[in-house]
Amino acid sequence: MKRTSYPRTVSRSIKVAAVVSISMAGLLFGAMQHAKTLRANRLLHQLPRTARAILKIDAASIADTGAARTLLGAFVPDEQLSEIEAICALDPIEGLSEVIVWVRGPDDQPFQSIGVMLRGRAASAAALAACHRSLVEGRGGSVVRLDSPSGPMLADLHQRSAISVVDDRTIIAGSVTTVTEAIAVRRGTAPALVERSLIAARWPLLSRGSSISAILEPPDHWMSALERVTQWSDGPSALEGAQTIGLFVESGSAGAVTLSIDVSSPELAAQDAERIRRWIAASPENVKPPWTNVLQSARVSARERTIEVTVDVSSLSMVQ
């Protein structure tokens, strides 16, 4: 059989095209990852430095993420969502693109109050503000306008609940103090969360590409309590040296939820990971069904200063 030979220039062109295609794919992937990191960092500049815990829900990706739907179903009562839908004619999942919840307070009262930032998808900021008014009035309260140094806001008569429209798709809600502080951060007159170094370092890694992400920087007295809960026998705690405790559900995940614990050294990470494995194997008494099934599915790993505990929450959907 006669072998056909191709000109060297054609062969070279194919190689060049392959290299260009691979390079372009790499550049596109890098650009997408950079964009996700920028979005994660943006939130650190929008929340106050007093925040000690954050929860972010990417509502737009919930429908395609079974693990996120299951986790929300386990912690958010259906009647709360039904109340919003009935009073406001708003489906929270369809109407919102993003929900941000943070817990804030001074060092001596780190969990003083809760703030909420809602970004609308099908719903505008005006519709979300009207929903807030309807919910307050539905409970027998009334809403008044307040003019604060940070700008106007709507609040109930006792000023326990307030809301401020940030732009045509975004509102901030919480106590008057919480809302005032959040607006001041946006205006650059109050310190932002990016200044809290432990959270600032971990948050982009937890939230990038996640349907649900959360992080907690526990105060010392909370850390002591958490260490006691995870203590195996009379030995050291499985959370010894923990600095932040995070959680994430990757978008599209069917059942996997990952707990991410950042500790003070790689050596402690390896030791704590082994302690967590022993603690799980001992079937802790404070974990009750159906969470025992979730715990038994756990996979524990340690890399550098980070411990990851990945569990399958699919069994929770069977009892809802």
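Every value quoted in this text rests on a predicted model; they were computed, and no experiment measured them.
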To the nearest 0.5 angstrom, please state how far the [atom1] atom of [X] sits from the [atom2] atom of [Y].
X	Y	atom1	atom2	value
Ile62	Ile93	CD1	CD1	5.5 Å
Arg202	Ser207	CZ	OG	10.5 Å
Leu198	Leu216	CG	CG	11.5 Å
Ile261	Leu268	CD1	CG	12.0 Å
Thr170	Leu128	OG1	CG	9.0 Å
Ile307	Glu274	CD1	CD	11.0 Å

- The single option from Ile212, Ile100, Val99, Leu247 that satisfies side chain to side chain contact (heavy atoms under 4.5 Å, CB included) with Leu55 is Ile212
Where [X] and [Y] come nearest, the two heavy atoms and their spacing:
X	Y	result
Ser301	Arg277	CA-NH2, 4.1 Å
Val185	Ala192	CG1-CB, 3.9 Å
His132	Ser161	NE2-OG, 3.0 Å
Ala256	Ala67	O-CB, 3.7 Å
Gly246	Leu259	O-CD1, 3.2 Å
Ile163	Ile171	CD1-CD1, 3.3 Å

- Task: Could you note down all residue pairs passing side chain to side chain donor-acceptor pair (under 3.5 Å) where residues 181-191 supplies at least one of them, sequence neighbours left out?
- Result: Thr50-Glu181, Arg104-Glu181
- Audit row: Arg52, Val103, side-chain contact (heavy atoms from CB on, under 4.5 Å) steps and yes/no: CA-CA 6 Å; Arg52 299 297 292 260; Val103 184; 5.7 Å; no
- Query: Is there a donor-acceptor contact under 3.5 Å linking the side chains of Thr65 and Ser253?
  - Reply: no
Side-chain contact test, heavy atoms from C-beta onward, threshold under 4.5 Å: evaluate it for [X] versus [Y] and give yes or no.
X	Y	value
Ile54	Leu193	yes
Trp279	Leu295	yes
Ser314	Thr70	no
Leu206	Lys56	no
Asn41	Val194	no
Val166	Ile183	yes

- Quick one: side-chain contact (heavy atoms from CB on, under 4.5 Å) partners of Ser210, sequence neighbours excluded? Ser213, Phe248
- Note on the structure: By side-chain contact (heavy atoms from CB on, under 4.5 Å), Ala182 pairs with (sequence neighbours left out) Trp102, Ile172
- Message: Tell me every residue that passes salt bridge (Lys or Arg N to Asp or Glu O under 4.0 Å) with Glu267, counting only those two or more places apart in sequence or in another chain.
- Response: none
Ignoring hydrogens and angles, tell me if any N or O in the side chain of [X] forms a donor-acceptor pair with the backbone of [Y] under 3.5 Å.
X	Y	result
Asp262	Thr244	no
Ser297	Val294	yes
Arg275	Ala270	no

- Task: Run the salt-bridge test on Arg145 and Asp147 with the 4.0 Å N-O cut-off and return the result as yes or no.
- Result: yes
If you group Ile, Leu, Val, Met, Phe, Trp and Tyr by side-chain heavy-atom gaps below 4.5 Å, do [X] and [Y] land in one group?
X	Y	value
Leu135	Leu154	no
Met117	Ile84	no
Val143	Ile87	no
Val287	Val300	yes

- Message: So for atom CD, which belongs to Glu250, do other residues, nucleotides or ligands contribute more than 12 heavy atoms lying within a distance under 6.0 Å?
- Response: no
- Message: Are there over 12 heavy-atom neighbours, none belonging to Asp220, within less than 6.0 Å of that residue's CG?
- Response: no
- Item | Inter- and intrachain pairs under disulfide bond (SG atoms under 2.5 Å apart), touching residues 56-156, at least two apart | Cys88-Cys131
- Message: Tell me which pairs pass salt bridge (charged side-chain N to carboxylate O under 4.0 Å, His left out) where either residue lies in residues 116-126, with sequence neighbours left out.
- Response: Glu98-Arg119
